[in-house]
Amino acid sequence: MGKNENQQASLEEIFQELSLIIEKMQEREVTLEESFSLYEQGIHKLKLCNDKIDSVEKKMLLLNQQGELEAFDE
Amino acid sequence: MTKNVYTVGQVNAYIKNMFTQDFMMNRIYVKGEVSNCKYHTSGHIYFTLKDETGALQAVLFAGNRKGLAFSMKDGDNVIVLGAVSVYERDGKYQLYAKEIILDGAGLLYQRFEALKQELEEMGMFAPEYKQPIPRYITTLGIVTAPTGAAIRDIQNISRRRNPYVQAILYPAQVQGEGAAASIINGIHALERLGVDVMIVGRGGGSIEDLWAFNEEAVARAIFECSVPVISAVGHETDTTIADYVADLRAPTPSAAAELAVYDIRELQGQLLTMRMELNRRMSDKLERCQEQTRQFQRNFKLLAPANRINEKRQMAADMADKLQSLLQQHLIAAKHELELYAGKLDALSPARKMSQGYAFIADGTGKGIRSVENLRQGDNLDIHLGDGKVRAQVCEIVKNPITDKIASAQDEE
């Protein structure tokens with residue numbers, strides 16, 4: 001999977017992939033090398049999730065008649 | 001005077017016929033205030049419609065009760081659809097009602113029902129057209145009035161659940177002349193801006209207040225909007241066309257915010273759980289591999305050449321022990337035997353005999369002499385006695401003739 005694809009994936013999709021990875025890691029047949037690679041992928045995806053959550057508090061904006069955004073004062 | 005006399009019945013029948021002939025009277029909307037409203041046990045409803053100028057008797061027969069969708073009472077302003085005709089028995093004309101709706105609201109309600117049916121038939125409410133509401137959004141569009149409870153509720157709940165979601169308000173006029181156009185503009189503007197999901201709505205109000213959300217143009221704008229729309233009009237009991245056509249209907253603006261904005265703490269909790277799960281699975285795997293390695297190590301150790309040599313060494317040592325002990329046993333057995341023989345020998349010892357007067361005679365070399373045959377005169381002899389020996393020399397040899405014979409016979413044998 002390309003990096004680009006991951007960037008565009010929604011949180012839901014990443015979550016689904018994470019669940020799959022976790023499920024796969026439980027299988028006994030998976031080799032240690034595979035486990036490491038799965039773990040790496042998992043951590044990477046978790047990081048992606050965190051990156052996706054733009055954790056900056058936002059003020060409500062108002063879209064005015066000119067189609068411009070301005071701060072919305074309550 | 002007596003020439004043109006008619007019976008009451010004839011007159012009433014004639015008048016009734018006049019009403020029947022009049023197509024206006026056969027289907028007429030009459031509005032007025034209800035008074036004297038009586039629900040008869042037969043199911044008929046008798047009432048009077050009145051205005052400032054007068055009154056009109058009316059009846060709704062039980063058979064037409066489905067034409068009345070609310071519980072009518074005195075003082076209600078209603079519009080009655082029916083026919084005016086004559087009740088011959090009393091010589092009175094009255095309004096025979098077929099449908100009764102509340103004035104104002106009633107008409108709107110009819111329009112609502114008609115539009116609802118029309119759009120439904122066009123498939124605009126069909127579930128297959130509903131777009132899924134994305135679970136994790138970053139921008140939320142809101143089309144509602146910039147003042148009032150709705151925007152405040154949405155803002156509060158959105159901020160509480162996830163302050164990182166960017167809310168963008170299109171301040172719309174939500175009631176009165178031009179409301180529909182304003183709402184439509186808002187939907188289009190936010191769609192162009194590319195929000196993830198949109199809440200379109202307003203707080204509670206009368207059916208007239210909410211009317212813009214029952215306009216077909218608004219319904220179409222919502223239906224055609226490429227961004228998923230959550231409708232949130234009025235209170236839980238108010239349902240508008242916008243609610244039917246929206247991708248998701250929220251009972252109130254607050255509920256719409258709950259549905260649109262995901263809870264960030266919940267998500268972070270989920271992420272943490274997944275991280276922990278990932279770590280747990282990895283350490284499980286590692287532990288399993290380590291355990292396996294240890295087991296193989298143990299097995300290899302057992303199979304190692306050095307270990308085999310030790311094993312052989314041990315075997316050799318064991319065998320040596322065994323040999324030793326066997327030897328010991330043999331020695332002991334031999335010793336016993338020896339003792340046995342020694343005992344027997346002791347019993348037969350010549351020494352014993354010697355103590356009784358016998359002696360052992362040996363030649364110079366220590367060899368026992370059993371016969372005179374091998375002796376010559378002058379030979380040295382040792383005579384062994386019980387307590388010592390005597391050195392002697394042969395002086396004379398006297399052969400015993402009998403003994404000789406026996407000896408020679410023995411030799412012959």
Side-chain angles (χ1 to χ4, degrees), chain A residues 5-74, chain B residues 132 134-143 146-148 151-152 154-156 158-159 162-172 182 185-186 188-193 195-196 262 264 267-268 270-290 292-293:
Chain A
E5 207 173 316
N6 261 339
Q7 290 292 342
Q8 276 160 13
S10 67
L11 275 177
E12 284 108 319
E13 286 165 332
I14 301 178
F15 262 32
Q16 223 163 19
E17 286 169 5
L18 267 166
S19 301
L20 272 176
I21 287 171
I22 286 172
E23 211 174 292
K24 219 170 178 182
M25 281 181 77
Q26 212 175 13
E27 288 170 17
R28 287 194 161 259
E29 308 84 68
V30 169
T31 65
L32 188 60
E33 282 81 3
E34 279 174 304
S35 300
F36 271 119
S37 129
L38 284 168
Y39 181 77
E40 223 176 13
Q41 282 175 37
I43 293 295
H44 176 68
K45 288 200 187 300
L46 279 170
K47 194 182 163 302
L48 268 179
C49 280
N50 278 319
D51 290 350
K52 276 203 166 285
I53 306 164
D54 170 16
S55 53
V56 179
E57 287 205 26
K58 303 195 178 56
K59 291 240 166 210
M60 186 175 276
L61 293 175
L62 188 136
L63 183 61
N64 65 24
Q65 297 300 320
Q66 286 75 48
E68 294 155 349
L69 290 168
E70 55 186 68
F72 174 63
D73 301 313
E74 294 145 80
Chain B
R135 181 132 182 232
Y136 305 105
I137 60 161
T138 52
T139 53
L140 167 69
I142 306 155
V143 179
T147 55
I151 185 63
R152 248 182 298 123
I154 292 170
Q155 196 168 12
N156 287 340
S158 169
R159 194 183 290 154
N162 191 343
Y164 311 139
V165 165
Q166 176 67 67
I168 301 168
L169 168 70
Y170 182 91
S182 177
N185 282 341
H188 288 161
L190 288 173
E191 189 182 6
R192 271 197 303 278
L193 203 66
V195 294
D196 294 325
Y262 69 98
I264 185 75
L267 176 76
Q268 277 162 346
Q270 262 175 298
L271 283 178
L272 186 68
T273 309
M274 285 196 149
R275 184 178 292 274
M276 274 162 31
E277 191 70 1
L278 211 55
N279 283 334
R280 200 174 62 77
R281 295 274 156 90
M282 192 66 228
S283 58
D284 272 5
K285 181 83 195 171
L286 277 175
E287 216 163 275
R288 267 209 304 277
C289 286
Q290 276 168 350
Q292 237 162 18
T293 311

A.B. asks: In sequence, state the C-alpha distance, the side-chain angles, and the governing distance for N279(B) and Y39(A), and then conclude on side-chain contact (heavy atoms from CB on, under 4.5 Å).
C.D. replies: CA-CA 8 Å; N279(B) 283 334; Y39(A) 181 77; 2.3 Å; yes
A.B. asks: If I measure from the heavy atoms of chain B, does I43(A) come under 4.5 Å with its side chain, its backbone, both, or neither?
C.D. replies: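 Contact with chain B involves both backbone and side-chain atoms of I43(A).
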A.B. asks: Using heavy-atom distances under 4.5 Å, tell me whether E27(A) contacts chain B through its side chain, its backbone, both, or neither.
C.D. replies: backbone
A.B. asks: At a heavy-atom separation under 4.5 Å, does E40(A) approach chain B through its side chain, its backbone, both, or neither?
C.D. replies: neither
A.B. asks: I'd like to check H44(A) versus L48(A) (side-chain heavy atoms, cut-off strictly below 4.5 Å). Are they in contact?
C.D. replies: yes
A.B. asks: What part of L190(B) lies closer than 4.5 angstrom to a heavy atom of chain A: side chain, backbone, both or neither?
C.D. replies: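 Answer is both: backbone and side chain atoms of L190(B) are under 4.5 Å from chain A.
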A.B. asks: Using a 4.5 angstrom heavy-atom cutoff, name the option from R192(B), R135(B), M274(B) with the most pairs to chain A.
C.D. replies: M274(B)
A.B. asks: Applying side-chain contact (heavy atoms from CB on, under 4.5 Å), can you list everything that pairs with E191(B), at least two apart in sequence or on another chain?
C.D. replies: H188(B), M198(B), C225(B), S226(B), V227(B)
A.B. asks: I'd like to know which of E277(B), R275(B), M282(B) tops the heavy-atom pair count under 4.5 Å against chain A.
C.D. replies: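 Top option by heavy-atom pairs under 4.5 Å: M282(B).
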A.B. asks: Please list, chain by chain and in numerical order, all residues satisfying salt bridge (charged side-chain N to carboxylate O under 4.0 Å, His left out) with R288(B), sequence neighbours excluded.
C.D. replies: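 For R288(B), no residue satisfies salt bridge (charged side-chain N to carboxylate O under 4.0 Å, His left out) once neighbours in sequence are set aside.
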A.B. asks: Under 4.5 Å between any side-chain heavy atoms of Y136(B) and S10(A), yes or no?
C.D. replies: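 With C-beta onward as the side chain, the pair stays apart.
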